[in-house]
Amino acid sequence: MTAIEQDSRLATWWRAMVEARAFDQAMCRHNGHWHEARGEEAVFVGAFAGLRDDDVLAPHFRGACAVSLLRGADPARLAAGVFGTADSPSGGRWRGDICPSPGPRFVGMFSGSLGTSVAYAAGAALSLQRAGGGSLVVSAFGDGTANAGIVAETLNLASMLQLPIVFVCQNNQYATSLRADVAMAGAGIARRAEALGIPSVEVDGNDVTAVFEAREEAAARARAGGGPSLIHALTYRMGGHYMNDPEVYRTSEEVEAWAARDPLARAERALVEAGQLTADEGGEYVEQRLADLEQIVATAKTAQPSARPLPNSAFAESTQLLTESGVR
Amino acid sequence: MTAIEQDSRLATWWRAMVEARAFDQAMCRHNGHWHEARGEEAVFVGAFAGLRDDDVLAPHFRGACAVSLLRGADPARLAAGVFGTADSPSGGRWRGDICPSPGPRFVGMFSGSLGTSVAYAAGAALSLQRAGGGSLVVSAFGDGTANAGIVAETLNLASMLQLPIVFVCQNNQYATSLRADVAMAGAGIARRAEALGIPSVEVDGNDVTAVFEAREEAAARARAGGGPSLIHALTYRMGGHYMNDPEVYRTSEEVEAWAARDPLARAERALVEAGQLTADEGGEYVEQRLADLEQIVATAKTAQPSARPLPNSAFAESTQLLTESGVR
Amino acid sequence: MSEAIVAAIGDAMADDDSIYLMGQDVGVFGGPMLSAKGLWDRFGRAGRIIDSPISEAAMVGTAVGAAMAGSRPIVDLMFAEFLALTMTPLALEGSSVAYRTDGRLTVPLVVRAKCGVGPHRGHAESVIGMLMSFPGLKIAMPSGASDAYGLMRAAIADQNPVVFLEHMSLLHGAKEDVDTGDDVRLGQAAVKRPGQDLTIVATGLMVPRSLRAARQLAEDGVEAEVVDLRSLAPLDADCVLESAHRTGALLIVEESWPTAGPAAETVAQLLRRSGGTLDFPVTVLDPPPTPIPFGADLEAAYVPGVDAIVEAAKAASPAVKETR
Amino acid sequence: MSEAIVAAIGDAMADDDSIYLMGQDVGVFGGPMLSAKGLWDRFGRAGRIIDSPISEAAMVGTAVGAAMAGSRPIVDLMFAEFLALTMTPLALEGSSVAYRTDGRLTVPLVVRAKCGVGPHRGHAESVIGMLMSFPGLKIAMPSGASDAYGLMRAAIADQNPVVFLEHMSLLHGAKEDVDTGDDVRLGQAAVKRPGQDLTIVATGLMVPRSLRAARQLAEDGVEAEVVDLRSLAPLDADCVLESAHRTGALLIVEESWPTAGPAAETVAQLLRRSGGTLDFPVTVLDPPPTPIPFGADLEAAYVPGVDAIVEAAKAASPAVKETR
Ligand SMILES: Cc1ncc(C[n+]2csc(CCOP(=O)(O)OP(=O)(O)O)c2C)c(N)n1
Ligand SMILES: Cc1ncc(C[n+]2csc(CCOP(=O)(O)OP(=O)(O)O)c2C)c(N)n1
Ligand SMILES: [Mg+2]
Ligand SMILES: [Mg+2]
């Protein structure tokens, strides 16, 4: 039995990272508005894998669809959400790329504005804390988003209220063109969080095991009533900020140096070394998943438009679901 | 020559603190909407004394009038501003208590919302930095205000741009009823600022000399292009948050313990010990200033109302000054 | 009125465990201007009354998140001007969730805010126009105790974010009997005084002032109908239209800023509902387009007073014009 | 249009050292959607182009402070929806300074923001109603390159905070000749097409759409006058009133949210200026009161299109009604 079927931790994560990469790369080909997440998979897979069903997931926008996949979302439906077509979970009303699976246990972005979802995540943690039961929230955000005022306010409030939440800074070293080490003055987000009374740790964000283990330690603390923690995961945005980013703000040497640390290749190597996979099997599996997701995304792209009628109100009572089923 | 006339540093500061206290206490008697600053004088006098004319002063609202006095404001006119009467510098249009002397070199509050003036102060610092010339900004804010998102954003931006600014956290241990050590999770504002790359220092906020010396060190750094600093001055709000505060959230023992550390009495004792003042002279001087300011404030209270016509626009071009003098 | 609001919150919290109250000084202090009086003793131990740092965006942001996760938060934001700090979580996003998720997710959230001129001498701006511009956000503003109780219960029960505006000149007025059984719905205006000579529309402090003006007008033989909108969003334009159509004249009395606010939206909705022309003249009595001045005399001149309402009503009423 | 805006900023910066530009990615990157193209090379070394972290409140807050201290900042806020993060420094406070200091202090500040549906597929909300509600804040929105140049120069020269809205469907349209000598003032509408059968009022993308509709209408014998407001605040109601009075019918075409926004404020100002009754019918063509939907077909249905304008104009125009 190879890593393709077995459920060693690393094998599971590797497959999740492959799935994320395959969806991501298909989107890069078919969607000019996509934000590529290549290179950062170890952060969001490590941070969001293996949680309980009643935990709340609040991913960073870059990687949000991958986290939905991790939770079992159907990639065809996810893709429909991204394209805003008829099968979109929102009926085409809203962007499935940054808000793939909004619900009581999944936080998305409800405008294009960064930072607020961290507050929503902490609010969910407050709700879980009041309900008891030991569930928690994982909230990821980018290095750039870390400088938003609402993030600072939320970290303080989460610490003051000892909320069951694990913050993950997915530091891909850039906010579009601005380097994180310029924009984030001082010694970085872990030091900031510590100053707020939040236990923090620095991890290699290209090592899925390291991210996962840090998450587990933080999760144990949160479930035991020990309050919030922060994980600073350093990784690299291997692609541009968006499609057709001229990338004049960084050198190709830098990009190449980080390409050599691709978290997928790294996990695959570890599996091969552990005898759970041969290089050929790995390559074949990846090819297959890339092809499968290419197929799904290409099909989704050509789907029927939403064609939903425009409602004459944004109030909850005017939405179809509530009109049909009464108050939820 | 006693401390009443001489210009030893401590004597100057002591007189400034007496002036602040006298204005403050007269307002307590005559204005039900006043926010008493008793006990915190060493912070704002130490932080704002002895600056250059081209430096920008951005005091915390509690102590703002005292800082105006320090800059030579006429107490009668200040009081008119507080009461919103005819002689108010704003013609009665705006609150003189929290915005006593707004101008290119003095930042006030332009609504009742805390936090923004810290950003305005940093903006002034950016303006001064661009102009060159070695001038700087001193920006004070309360322990409660420190938790506002815009303050966190501003500290980071000031550090990133290495602005010539000295931040002073006037920690009187409460935001209305909420204790600073509860609301400010973690190890306090100095640690926070350090994590943002801002050199920070803790000082005894009831020791005017300590505050001033910390300010001088920070000011020297700023003038030399060394960027921002932060001073965390621990003091105590001896009175209620506002007049008629029931103060159910703290014990009278706590209040009494801090009353024993009154910064005015402390400075006066030091002057007596240094032979610059006798206790009698001190007492007499204080009595006199209290009586003088009582007179000024009592008179201001009964002044004519503003009686200004209401303009039909808030645009700059419709204000009297611009209409009279053209573009400034 | 303040006690009726607190009673509504207390009754709702006793009924429903998922409600919590967060705000600055809402704990042992009892709330700014007694806005949470007695709640700490009843619900504090259970962790349902949360004293907050000065972090308005996060107060509202966490409330939006908690609401999506199953709680029913009430945030006491103290003063309406602080709403300007919360527009992204509250209005741009929180109010869009039901629409954007096609009803899969809702944000049942009440944000309380004091506003208006009053004994506090500050923090008077109501920023209502700002709030009204966002789709999906409800806004209630009671003018008396019974409405306050009913509107607060309705706001808490609602599936949408609701801003609940508490006028500082009304909060601690004369004691009123509270009818807790009144069926008050959001978006429903109330005729506070019937009349046939003209319609006066108002909210908040402008309602008692309009009622006083109506009594003066009655002495001069002009019978004004006074409509209290009670909610700014949804805005009960049907009620206003029916009344003004019947009386033949409309006077809108408004305390908040005059541009793109309640007065403008009221006339726009009337026009939309009437095929583009109105069969009655419309007069608006409201402040000039400036911030609220601070000086007591300037403030008094800025906000419509009873005499100004009487005068405007006389000028607006066809009944007066005819007898002239 | 984008190049005209950048040219206006570049020309102004060359003239006046006190101007700086702050924004995310305005440095070597060249600005989001090329909004600062070439400025880094010209002014970057002098420290006048400042790349900012994601801290919109502080970007605008520092700009307000810098403006009070003597600078003339331009903030590129990228997208208009981010304005919701800046309402306290920009609108509640920055826009009140001239009034509150009785003119002793002013805040000459320009905040740029992209908005509107367009190639970007996101960030389309313009939040204009929110902005319009605040006294003291000016709002400009060009519909073409020459106006864009002139309005930006006027905005930079102004003593008030000005929000400068850049419609994403117009920024990178067909190349236009730019008349840099045009005297464009804030608060002054422009008749973009004369006509006598009805008046169409529009801004931003709705202007070219209305002009296209007017050409179609002309084929059917209806001559529409098209007025481009160009500024939402101050709003040139006199121009609209004169035109509508002359043509006998008014159609307001608006892309932004329908409540308490430009359409409502326009009708309110017309009523205020006309003694409470209008001598022409008013039709409003605008989106439903919901966020902008994302799906391409839904978005197209949401925003008024040329055909809808033609239809609404025909229904509104007395000329058509007569010939029916
Ligand atoms: C409040 C806000 N400001 C600016 C933007 C525009 N923007 C979109 S993505 C981005 C970069 C975000 O950086 P980071 O948080 O590090 O995430 P990354 O893109 O690197 O994944 C920016 C500035 C935004 N979406 N929201
Ligand atoms: C943004 C904002 N939130 C809340 C308030 C209400 N408020 C006025 S003073 C105050 C306490 C401020 O605490 P701190 O900054 O420590 O200053 P202090 O009053 O202790 O001098 C509060 C909460 C406000 N003015 N602004
Ligand atoms: Mg990043
Ligand atoms: Mg304090």
Side-chain angles (χ1 to χ4, degrees), chain C residues 56-57 81-93 95-96 99-100 125 127-136 232-233 235 249-250 252 256-272 275-278 280-284 287-291 293-294 316, chain D residues 56-57 81-93 95-96 99-100 125 127-136 232-233 235 249-250 252 256-272 275-278 280-284 287-291 293-294 316:
Chain C
E56 282 76 9
E81 59 179 349
F82 305 155
L83 285 161
L85 294 162
T86 71
M87 281 301 94
T88 302
L90 176 62
L92 181 68
E93 302 188 340
S95 302
S96 79
Y99 173 82
R100 285 187 164 145
E125 309 292 10
V127 296
I128 297 180
M130 173 185 79
L131 302 172
M132 289 181 74
S133 70
F134 288 91
L232 282 317
L235 193 156
L250 178 64
I252 301 174
S256 69
W257 293 327
T259 47
E265 181 58 17
T266 302
V267 300
Q269 290 208 20
L270 296 175
L271 271 168
R272 285 178 201 263
T277 40
L278 296 174
F280 48 83
V282 181
T283 310
V284 180
T290 73
F294 169 66
Chain D
E56 281 76 9
E81 58 179 351
F82 306 154
L83 284 160
L85 295 162
T86 71
M87 282 299 93
T88 303
L90 177 62
L92 181 70
E93 302 187 341
S95 301
S96 78
Y99 173 81
R100 284 186 163 144
E125 310 291 13
V127 298
I128 297 180
M130 174 185 80
L131 302 172
M132 288 181 74
S133 70
F134 288 91
L232 283 317
L235 192 155
L250 178 63
I252 302 175
S256 69
W257 294 326
T259 47
E265 180 58 16
T266 302
V267 300
Q269 291 207 20
L270 295 177
L271 271 167
R272 286 177 200 264
T277 39
L278 296 175
F280 48 84
V282 181
T283 309
V284 179
T290 73
F294 170 65

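Since this is a predicted model, take the numbers as computed values, not measurements. To find a chain, count down the sequence lines: A is the first, B the second, and so on, and within it residues start at 1.
- Contact detail for C:Gly129 and D:Ser133: the closest heavy-atom pair is C-CB, 3.6 Å.
- Contacts of D:Leu85 with chain C are made by both backbone and side-chain atoms, with heavy-atom separations under 4.5 Å.
- A donor-acceptor pair is defined here as one N or O able to donate and one able to accept, closer than 3.5 Å; no such pair exists between the side chain of D:Thr277 and the backbone of C:Pro281.
- Within the 4.5 angstrom heavy-atom criterion, atoms from both the backbone and the side chain of D:Pro258 approach chain C.
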Discussion item. Could you walk me through whether D:Phe134 and C:Thr259 satisfy the side chain to side chain contact (heavy atoms under 4.5 Å, CB included) test, starting with their C-alpha distance in whole Å, then the side-chain angles of each, then the deciding distance to 0.1 Å, before giving a yes or no?
Written reply: CA-CA 7 Å; D:Phe134 288 91; C:Thr259 47; over 6 Å; no
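- In this structure, no portion of D:Thr283 lies under 4.5 Å from any heavy atom of chain C.
- For D:Phe294, no part lies near chain C; criterion is any non-hydrogen pair under 4.5 Å.
- The parts of D:Pro293 that come within reach of chain C are both its backbone and its side chain, each placing non-hydrogen atoms under 4.5 angstrom from that chain.
- Shown here are the side chain to side chain donor-acceptor pair (under 3.5 Å) partners of D:Ser96, two or more places apart in sequence or in another chain: D:Arg100.
- By number of non-hydrogen pairs under 4.5 angstrom with chain C, the leading residue of D:Leu271, D:Thr290, D:Leu250 is D:Thr290.
- Interface remark: of the candidates C:Thr86, C:Ile252, C:Leu92, C:Leu92 forms the most heavy-atom pairs closer than 4.5 Å to chain D.
- Considering every non-hydrogen atom in both D:Trp257 and C:Pro135, the closest pair reads CD2-CD, 3.4 Å.
- Pairs of residues two or more places apart, or lying in two chains, that qualify as salt bridge (charged side-chain N to carboxylate O under 4.0 Å, His left out) and include a residue from residues 259-272 of chain D are C:Asp286-D:Arg272.
- Between chain C and the options D:Ala264, D:Ala91, D:Pro289, the largest number of non-hydrogen pairs under 4.5 Å is found for D:Ala264.
- Looking at every heavy atom in both residues, D:Gly261 comes nearest to C:Ala260 through O-CB, 4.3 Å.
- The most heavy-atom pairs under 4.5 Å with chain C, out of D:Gln269, D:Glu125, D:Met132, come from D:Met132.
- Taken to the nearest 0.5 Å, the CD atom of D:Glu81 stands 8.5 Å off from the OG1 atom of C:Thr88.
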